[in-house]
Chemist: 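Quick one: structure below, then a few questions.
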Amino acid sequence: MKHLLILFYLFLNVASSCQSDGGGDNKEEASGQEKVTYTVSNEVFTNPERGFMHTWQVNSEGTAMTAASLNNLKKENVSLILRLYYLEKFKTTALSQAQLDLIKTDFSRLRDAGLKCVLRFAYTDAQDGSDASVTVISGHLDQLKPILEENKDVIAFVQAGFVGAWGEWYYTTNQLTTPANKKLILDKLLETFPKEIKIQVRTPKIKQDFVATTTAMDAKVGYGTTNPARLGFHNDCFMASVDDYGTYQNVTIEKTYISNEALFVPTGGETCPPVDVPVASCSIAEKEMTLLKWTYLNLDYYGPVLQEWRNNNCFTDFERKLGYRLALATSSVKKEVALNGTLEFNAVINNSGFAPVYNPKNAFLTFRATAGGTIYKKKLSFDVRKVVPRVSYDLKESVSLSGIPAGTYELLLKIEDSSSKLSERPDYAIRLANTGVWETTTGFNKLSQTVIIK
């Protein structure tokens, strides 16, 4: 009988709540304050700079990516590709204009398609192939620098590359993996790429040697743009052996190090044919990607591992969880506010993904007039990078209403790319994982809140 009474009162409570026509499940009003509770969506959808990706490699002076091939990626919910440029023709010479034009064309087509890339350069795809000298690499980076600056908006991350077979910092023919040469190359990469771009190295030890500490950075360093804050990790033999083909020297300690670092810098890569370990099961993969805060993973290699996940029904879950997956839990505002006053905006945001957002974004509370649709955007101090996995984030801001005339306004949240080239493009805005909140044409997330300014 007690359970029946509880259900009855729960029913009355829900029935008496004002149902939202947007993403909010329930609205509660108290003392002029309205609180909306949101429903989490289980849908698979794309978001910038995260998820499963394809690897597209191209040889020297090869063919640029086509608009059709890039647009087809949207059908797979892919927003990111690894673009790997082999520079085999230029091991002893400067890059040709044809090579530079190829890279510029690719960047332009990525932007047109609403995508970004993880970038890597290499000189050979053969284990016994040759790479270039430090001097040649430095010269190539000097040539690339203006192109990289002009197109930094569509570069999600960079894999250090250049050294050895596949650019994986092994099998070098020019002694590029000596401590001195590794430092020279990393210094040059950090100098060449814009400070906004994070560079991923192949093993944790490479970073530890470079920054001269085995202690993971803290938030004060991690959210900055110093060299330690710009160096992340890529693992191209993920879960493929006990030490991931030599990725780790002290497995437990170095995984813990990456786990702590990956609050601030990205981890990604691809799987490999397993050696002396079974194909990674769903549970093992879930545990590893949670620990290491995995943000992207190659769809093209290694096939049997990916098929294992498809066969056991976790592939789709990984589509959702790779990288960040942000969702509103609640929001609350006052229903009526004074003209030229302030609006206290409170929200709780959760991240059910494996990783945080790594690149800075601009967040806006948007006021859209219910009569006429005029839009007023108010920038928030909210740093979306701080919404870390499995920790509820309390967003509390006082928003000035200066410049917004009296009237009734719908509230929306926009988390957009920090680049002025992309800020108005919905493809580059962050979609929240709630039902009924996303506006495809604007990149706004509807809050199901209405405010009267009087």
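Model, not experiment: these values are computed from the prediction.
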Chemist: Can you tell me how far SG of Cys117 sits from CZ of Arg111, rounded to the nearest 0.5 angstrom?
Modeler: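 Taking CZ in Arg111 and SG in Cys117, the distance rounds to 10.0 Å.
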Chemist: Decide yes or no for Tyr248 and Ile258: does some side-chain heavy atom of the first lie under 4.5 Å from some side-chain heavy atom of the second?
Modeler: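 Yes. Closest side-chain heavy atoms under 4.5 Å.
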Chemist: Any donor and acceptor pair, going by atom type alone, linking the side chain of Tyr428 with main-chain N or O of Leu115 inside 3.5 Å?
Modeler: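 A pair under 3.5 Å: yes.
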Chemist: Decide yes or no on salt bridge (charged side-chain N to carboxylate O under 4.0 Å, His left out) for Glu319 and Arg325, but give the supporting numbers first.
Modeler: CA-CA 10 Å; Glu319 283 187 291; Arg325 187 174 177 89; over 6 Å; no
Chemist: Consider side-chain contact (heavy atoms from CB on, under 4.5 Å). Of Thr63, Leu84, Leu102, which one does Val58 pass it with?
Modeler: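 Of the listed options, the one satisfying the test is Leu102.
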Chemist: With a 4.0 Å cut-off, would you call Lys152 and Glu196 a salt bridge?
Modeler: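 Looking at Glu196 together with Lys152, the answer is yes, because their closest N to O distance falls below 4.0 Å.
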Chemist: For atom CD1 of Ile253, decide whether the heavy atoms of other residues, nucleotides or ligands shown that lie under 6.0 angstrom number more than 12.
Modeler: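 Not more than 12 within 6.0 Å, no.
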Chemist: What's the spacing between Glu168 CD and Thr247 OG1 if we round to 0.5 Å?
Modeler: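 Answer rounded to 0.5 Å: 8.5 Å.
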Chemist: Kindly say whether Ser381 contributes a backbone atom to a donor-acceptor pair with the side chain of Glu397 at under 3.5 angstrom?
Modeler: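 Answer holds: yes.
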Chemist: Take atom NZ in Lys454; do more than 12 heavy atoms of anything else shown fall under 6.0 Å from it?
Modeler: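 It does not: Lys454 NZ has 12 such atoms or fewer within range.
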Chemist: Verify whether one side chain among Thr66 and Ser69 offers a donor that lies under 3.5 Å from an acceptor in the other.
Modeler: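 The criterion, which ignores hydrogens and geometry beyond distance, is satisfied for Ser69 and Thr66.
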Chemist: Counting only heavy atoms not in Lys335 (residues, nucleotides, ligands), do more than 12 fall under 6.0 Å from its NZ?
Modeler: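 Result for NZ/Lys335: enclosed.
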Chemist: Less than 4.0 Å between a side-chain N and a carboxylate O, is that true for Lys207 and Glu261?
Modeler: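 Looking at Glu261 and Lys207, the cut-off is met.
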Chemist: Indicate whether the side chain of Glu344 and that of Ser398 have a donor and an acceptor atom separated by less than 3.5 Å.
Modeler: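 Per modelled atom types, Glu344 and Ser398 side chains form a pair under 3.5 Å.
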Chemist: Report yes if some heavy atom in the side chain of Val337 is under 4.5 Å from a heavy atom in the side chain of Leu401; otherwise report no.
Modeler: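 SC-SC contact between Val337 and Leu401 confirmed.
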Chemist: Is there a side-chain contact between Lys334 and Val451 in this structure, where contact means two heavy atoms from C-beta onward sitting under 4.5 Å apart?
Modeler: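 No, their side chains stay 4.5 Å or more apart.
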Chemist: Please answer whether the main-chain N or O of Val387 pairs with a side-chain N or O of Asn351 as donor and acceptor at a distance below 3.5 Å.
Modeler: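 Between the backbone of Val387 and the side chain of Asn351 there is a qualifying donor-acceptor contact (under 3.5 Å).
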Chemist: Flag this pair as yes if the NZ/CZ of Arg109 is under 6.0 angstrom from the six-membered ring centre of Phe107 and inside a 45 degree cone about the axis; otherwise no.
Modeler: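 No, Arg109 does not sit over the ring of Phe107.
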Chemist: Give the C-alpha distance, both sets of side-chain angles, the deciding distance and a yes or no for ring-ring contact (aromatic ring centres under 6.0 Å, His included) between Tyr324 and Tyr358.
Modeler: CA-CA 9 Å; Tyr324 59 89; Tyr358 291 110; 8.8 Å; no
Chemist: I'd like to know whether NZ of Lys35 has more than 12 heavy-atom contacts from other residues, nucleotides or ligands below 6.0 angstrom.
Modeler: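 Not more than 12 within 6.0 Å, no.
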Chemist: Under 3.5 Å, is there a donor on one side chain and an acceptor on the other for Asn340 and Ser402?
Modeler: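 Short answer, no.
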Chemist: Mind running side-chain hydrogen bond (donor to acceptor under 3.5 Å, both in side chains) on Tyr85 and Asn59 for me, showing each step along the way?
Modeler: CA-CA 6 Å; Tyr85 293 98; Asn59 290 103; over 6 Å; no
Chemist: Under a 3.5 Å threshold, yes or no: a donor from one side chain and an acceptor from the other, between Ser283 and Ser281?
Modeler: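 Result is yes, a qualifying pair exists.
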Chemist: Checking Tyr296 side chain against Glu270 main chain: does a donor-acceptor pair fall under 3.5 Å?
Modeler: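 Looks like no, no N/O pair under 3.5 Å.
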Chemist: Measuring from Arg230:CZ to Leu189:CG, what's the distance to the nearest 0.5 Å?
Modeler: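 Separation between the atoms: 9.0 Å.
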Chemist: Whether Arg368 engages the ring of Phe444 as a cation-pi pair (distance to the six-membered ring centre under 6.0 angstrom, angle to the ring normal within 45°) should be assessed.
Modeler: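 Cation-pi check for Arg368 and Phe444: fails.
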Chemist: Hey, is the main chain of Asn47 close enough, under 3.5 Å, to the side chain of Ser79 for a donor-acceptor pair?
Modeler: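 Side chain of Ser79 to backbone of Asn47, a donor-acceptor pair under 3.5 Å: yes, one is there.
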Chemist: What I'd like to find out is whether the side chain of Asn260 reaches to under 4.5 Å of the side chain of Thr256, using heavy atoms alone.
Modeler: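 Yes, their side chains come closer than 4.5 Å.
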Chemist: So does Met65 get a backbone contact from the side chain of Trp56, meaning a donor-acceptor N/O pair under 3.5 Å?
Modeler: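 No, because the side chain of Trp56 does not come within donor-acceptor range (under 3.5 Å) of the backbone of Met65.
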Chemist: Can a donor-acceptor pair be found between the side chains of Ser448 and Tyr38 at a distance below 3.5 Å?
Modeler: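 Tyr38 and Ser448 do not have a side-chain donor-acceptor pair below 3.5 Å.
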Chemist: Do Leu412 and Asn445 come close enough that some side-chain heavy atom pair is under 4.5 Å?
Modeler: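 Leu412 does not reach Asn445 side chain to side chain.
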Chemist: Taking Met239's backbone N and O only, do any of them form a donor-acceptor pair with Asp244's side chain (distance below 3.5 Å, no angle check)?
Modeler: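 Looks like yes, one N/O pair under 3.5 Å.
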Chemist: What's the spacing between Lys377 NZ and Phe364 CZ if we round to 0.5 Å?
Modeler: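 Lys377 NZ to Phe364 CZ: 4.5 Å, rounded to 0.5 Å.
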Chemist: Hey, what do you get for CZ (Phe354) to CZ (Arg320), rounding to the nearest 0.5 Å?
Modeler: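 Atom-to-atom, Phe354:CZ and Arg320:CZ are 11.0 Å apart.
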Chemist: Could you go through the side-chain hydrogen bond (donor to acceptor under 3.5 Å, both in side chains) check for Thr366 and Tyr409 one step at a time?
Modeler: CA-CA 9 Å; Thr366 301; Tyr409 295 90; over 6 Å; no
Chemist: Do Asn350 and Ser392 get their side chains close enough for a donor-acceptor pair, meaning under 3.5 Å?
Modeler: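 Present: a donor and an acceptor within the cut-off.
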Chemist: Tell me if a side-chain donor or acceptor on Ser259 pairs with a main-chain N or O of Leu291 at a distance below 3.5 Å.
Modeler: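 Answer holds: yes.
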Chemist: Has the side chain of Thr370 got a donor or acceptor atom that lies under 3.5 Å from a matching backbone atom of Thr408?
Modeler: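 Checking the backbone N and O of Thr408 against the side chain of Thr370, a donor-acceptor pair under 3.5 Å is found.
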Chemist: Can you see whether Phe157 has Lys198 sitting over its ring - NZ or CZ less than 6.0 Å from the centre and within 45° of the normal?
Modeler: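 The answer is no; the distance or angle limit is not met.
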Chemist: Going by atom types only, do Glu49 and Asn359 share a side-chain donor-acceptor pair under 3.5 Å?
Modeler: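 The criterion, which ignores hydrogens and geometry beyond distance, is satisfied for Asn359 and Glu49.
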Chemist: If we count only N and O atoms by modelled type, under 3.5 Å, do the side chains of Asp417 and Ser419 hold a donor and an acceptor together?
Modeler: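 No, Ser419 and Asp417 have no side-chain donor paired with an acceptor closer than 3.5 Å.
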Chemist: Give a yes or no on whether a salt bridge exists between Arg385 and Asp383, defined as a side-chain N under 4.0 angstrom from a carboxylate O.
Modeler: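 A salt bridge is present here (some side-chain N lies under 4.0 Å from a carboxylate O).
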Chemist: Under 6.0 Å between ring centres: does that hold for Phe264 and Tyr223?
Modeler: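 Here the rings of Tyr223 and Phe264 have centres that are less than 6.0 Å from each other.
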Chemist: Between Glu150 and Lys421, does any side-chain N to carboxylate O distance fall below 4.0 Å?
Modeler: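 Judged by the 4.0 Å cut-off on N to carboxylate O distance, Glu150 and Lys421 do form a salt bridge.
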Chemist: Are Lys446 and Glu439 packed together at the side-chain level, in the sense that at least one heavy-atom pair is separated by less than 4.5 angstrom?
Modeler: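 They are in contact (side-chain heavy atoms under 4.5 Å apart), so the answer is yes.
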Chemist: Which word best sums up how the rings of Phe233 and Tyr257 line up, parallel for under 30°, tilted for 30 to 60°, or perpendicular for over 60°?
Modeler: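 Ring orientation of Phe233 relative to Tyr257: perpendicular.
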Chemist: If you draw a 6.0 Å radius around NZ in Lys379, do more than 12 non-hydrogen atoms from other residues or ligands fall strictly inside?
Modeler: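 No - once you tally the heavy atoms of other residues, nucleotides and ligands closer than 6.0 Å, there are 12 at most.
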Chemist: Inspect the surroundings of NZ in Lys255 and state if more than 12 heavy atoms from other residues, nucleotides or ligands are less than 6.0 Å away.
Modeler: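 Yes.
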Chemist: Verify the ring-centre separation between Phe318 and Phe52: is it less than 6.0 angstrom?
Modeler: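 Judged by ring-centre distance (under 6.0 Å), Phe52 and Phe318 do not meet the cut-off.
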Chemist: Hey, is the main chain of Glu34 close enough, under 3.5 Å, to the side chain of Ser332 for a donor-acceptor pair?
Modeler: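 Not at all, since once roles are kept as given, no pair shorter than 3.5 Å links the two residues.
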Chemist: Run the numbers on His54 and Glu76 for side-chain hydrogen bond (donor to acceptor under 3.5 Å, both in side chains), then give the verdict.
Modeler: CA-CA 10 Å; His54 286 291; Glu76 299 180 70; 2.9 Å; yes
